[in-house]
2 protein chains.
Amino acid sequence: MTQRLHHIGYIVASVEESLPRFLASAGAVQVSEIFEDPLQKARVVFLAPPDSSGVLLELVAPTEPASPVSAAAARGGGLHHLCYEVGDLDAHLAAMRSRKAVLIRPAKPAVAFGGRRIAWMITPEKLVLEFLEAPPHNSASSV
Amino acid sequence: MTQRLHHIGYIVASVEESLPRFLASAGAVQVSEIFEDPLQKARVVFLAPPDSSGVLLELVAPTEPASPVSAAAARGGGLHHLCYEVGDLDAHLAAMRSRKAVLIRPAKPAVAFGGRRIAWMITPEKLVLEFLEAPPHNSASSV
């Protein structure tokens, strides 16, 4: 099972309001447009902090009360999930299920990743994990 | 300002109880002993998930009600802070202050890092950051 920490998700009330403040306080660079994903009911943007590990920070805001992140945003937001990029998404989800992690949102194409699929799981210790399928070889991906 | 994401801090009620469960569900390897830091009023242990970025996961539990992480543990714990290793800790803290981050715990030697100093800041967006001074050149460090 190989994986790479791709980004850390941070919940905010408004991506547009928080983005300039995060860029300033973290010394980060914006590395994507602001995406709205109707399947995830969220708006997201990716920042690159000055960090030689290459791990991105993702700001996530709900777009409607039924968004999976609305409750966390209402509690004030903050650190929310870790996203790992994996080579074989379906095999990875199966392996995580065998470790008692629970699928909370099945694999769906994500606009923020050029249609690459993401899925969500939660471990018995309540760690929320996003898994992102790795891009096909030789493909370009902005984030 | 160079930095490297060293670990992600996750608050638990008991390091001893959570450690085996995290190892199992994350497929992680324990890479340190369990340290008790009287200055931080916390017990901590480091895990390495299968992750080519090399970022560690730290489990943190309070050792007393006055611990800085007691309130977070009482709320159920979870993702808590990002720790960046930096080349010049004092210069880094000064740079972060100029970006309106607030020092919440000043630099102190940490037993979990062989006496290397750590300091804590919070950004205006409430992101809790730990800064760890990089080891001297050619020194060995377990985590």
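In what follows, chains carry the letters A, B, and so on, assigned in the order in which the sequence lines appear, proteins first and then strands, with residues in each chain numbered from 1.
Interface residue B:Tyr84: only side-chain heavy atoms are found under 4.5 Å from chain A. For B:Ala24, the part lying under 4.5 angstrom from a heavy atom of chain A is the backbone only. With a threshold of 4.5 angstrom between heavy atoms, B:Leu57 approaches chain A through side-chain atoms but not through N, CA, C or O. The contact between B:Lys126 and chain A is made by backbone and side chain atoms together, counting heavy-atom distances below 4.5 Å. Neither the backbone nor the side chain of B:His6 comes within less than 4.5 Å of any heavy atom in chain A.
Shown here for A:Ser25 and B:Met96, the closest heavy-atom pair between the two residues is O-CE, 3.4 Å. Nearest heavy atoms, B:Pro49 versus A:Gln3: CB-NE2, 4.5 Å. Here the closest non-hydrogen pair linking A:Glu125 and B:Tyr10 is O-OH, 2.7 Å.
Cluster annotation: B:Leu39 and B:Phe113 are assigned to distinct hydrophobic clusters (Ile/Leu/Val/Met/Phe/Trp/Tyr, side-chain heavy-atom contacts under 4.5 Å, transitive).
Per-residue heavy-atom pair counts under 4.5 Å with chain A were compared for B:Leu129, B:Leu127, B:Val55, B:Val86, and the maximum is reached by B:Leu127. Taking A:Arg4, A:His81, A:Lys100, A:Glu85 one by one and counting their heavy-atom pairs under 4.5 Å with chain B, the maximum is reached by A:Arg4.
Between A:Leu79 and B:Ile8, the closest side-chain pair of non-hydrogen atoms is not below 4.5 Å.
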